[in-house]
Amino acid sequence: MFGPEVRCLVVVGAQWGDEGKGKVVDALAEHAELVVRYQGGANAGHTVDAPDGEFVLHQIPAGILHASTRCVIGNGVVLDPETLFHEIDALRERGVMMTGRLLVSDRAHLVLPYHKLLDAESARSKKIGTTARGIGPAYEDKYGRRGVRVGDLRHPEIVAKLVAAGAERANAMLALAGSAKRCGAPEIVAMLEELAPRLLPFVADAGRLVADTLQGGGHVLLEGAQGALLDVDHGTYPFVTSSSTTAGGAAVGAGIGPTAIDAVLGIVKAYTTRVGNGPLPTEAAEREAEGLRTLGGEYGATTGRPRRCGWFDAMVVRYAVRVNGLTGLAVTKLDVLDTFDELPVCTRYRLGGEDLVDLPDNVAALEEVEPVYERLPGWRQPTGAARTLADLPRAARVYLEGIEALAGAPIRYVGVGTKREQLIEVT
Ligand code: IMP
């Protein structure tokens, strides 16, 4: 994917997250000088099946497993400093060294204990089904212009003031919601004072670093989290996350201009899953959903929740192609479909007796749409050993060609298993 024409590549989820971005980023990161996470936070769970075992990364970019790749937590991320160090320590214990290779933007906002309390509280009333990692409340503080940024840790007096005001506000909101839970500013300030000397050596002007790397001819991968349908603007609002998961968010969240981006790769699972609440038009009946869940190991990498499972939805992916400007697709987990006789693919939606040309703009309508399926034959053979498209059974190639034609973007990679060598590059 990287080459003279593509030096800055964005990798995004093109469904509801959990498409296998970790695996693709890990594979592509080998050719990148820099991998940058640009939005979200510890709500993400990017799984990489590396030669020395499986790693689940939440805030650290999936490029970290390549010893010569530098990784950046960009300004668009909301960073949970406590869990960052759990992640760093766990990686160090397994021999992954980060000194000088991991950089954190001074402009990234911090997720604090009161954000998590508020997120847990809103779960009782709002029913979004969040990951309870404090993501929404942290972004609320960012956009409310009262957040604490990583760079503020250089100034303890600023942090103390911001945290006191934040805790007071959070406590008032908890009281209003009828919760007995409260947070204490002094404990949070003490926690930040303890973490600051560990965190500050990682802190840098990340936007500058990305720009300098590109200027110097280096390759930069911008790693999205979640997926297009969870984007705060373009997703199934309000059943979304609180950040811009789509490619436009990559420029803002990494600190570069949109003209610096050369290509956008959308990661698409060969079927569809969603974790959390909200519409999922192609959700399968429980018996089939259970089959996909078991075969695909469809349990949340962050929360362990069982994912809702269904068939490939071309309306969703076509929409993701449009809102991200996808220049290519990586289709993952094709092997999960190896045992099915027949594979329904949703080609369009009907609503009120009419064909829809695009996704409706509201969840009430999306709950009502009737998916129209084309049934493609299954291949009923294992595909995990395929290393080129030609190695795949004919029916699997027909399935992929169908996806490509319906989605309207070329397939550049096909995943047939979790291992690094099980990612076929389409040449
Ligand atoms: P939040 O991002 O924790 O606020 O959760 C909002 C919605 O996004 C919920 O439906 C979550 O299940 C979903 N979500 C957040 N992060 C991920 C992810 O990494 N993969 C899949 N779904 C996610």
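All ligand and atom numbering here is 1-based and tracks the order in the structure.
- Applying the ring pair (Phe, Tyr, Trp, His ring centres under 6.0 Å) rule to His219 yields the partners Phe2; only residues at least two apart in sequence or on another chain are considered.
- Evaluation of the side-chain contact (heavy atoms from CB on, under 4.5 Å) rule for Arg293 yields Glu286, Ala289, Glu290, Glu298, Tyr299, Pro306, Cys309 as partners, not counting sequence neighbours.
- Looking only at atom types and distance, the side chain of Gln226 has a donor-acceptor partner in the side chain of Asn43 under 3.5 Å away.
- A donor-acceptor pair under 3.5 Å is formed between the side chain of Glu404 and the backbone N or O of Ile411.
- Within 4.0 Å of ligand 1, the residues that place a heavy atom are Trp16, Asp18, Asn43, Ala44, Ile128, Gly129, Thr130, Thr131, Gln226, Leu230, Val240, Thr241, Val275, Gly276, Arg305, listed by chain and number.
- Under a 4.0 Å N-O distance rule, the pair Arg307/Asp18 qualifies as a salt bridge.
- Under the side-chain contact (heavy atoms from CB on, under 4.5 Å) criterion, Leu200 pairs with Leu153, Arg154, Ala196, Val203, sequence neighbours left out.
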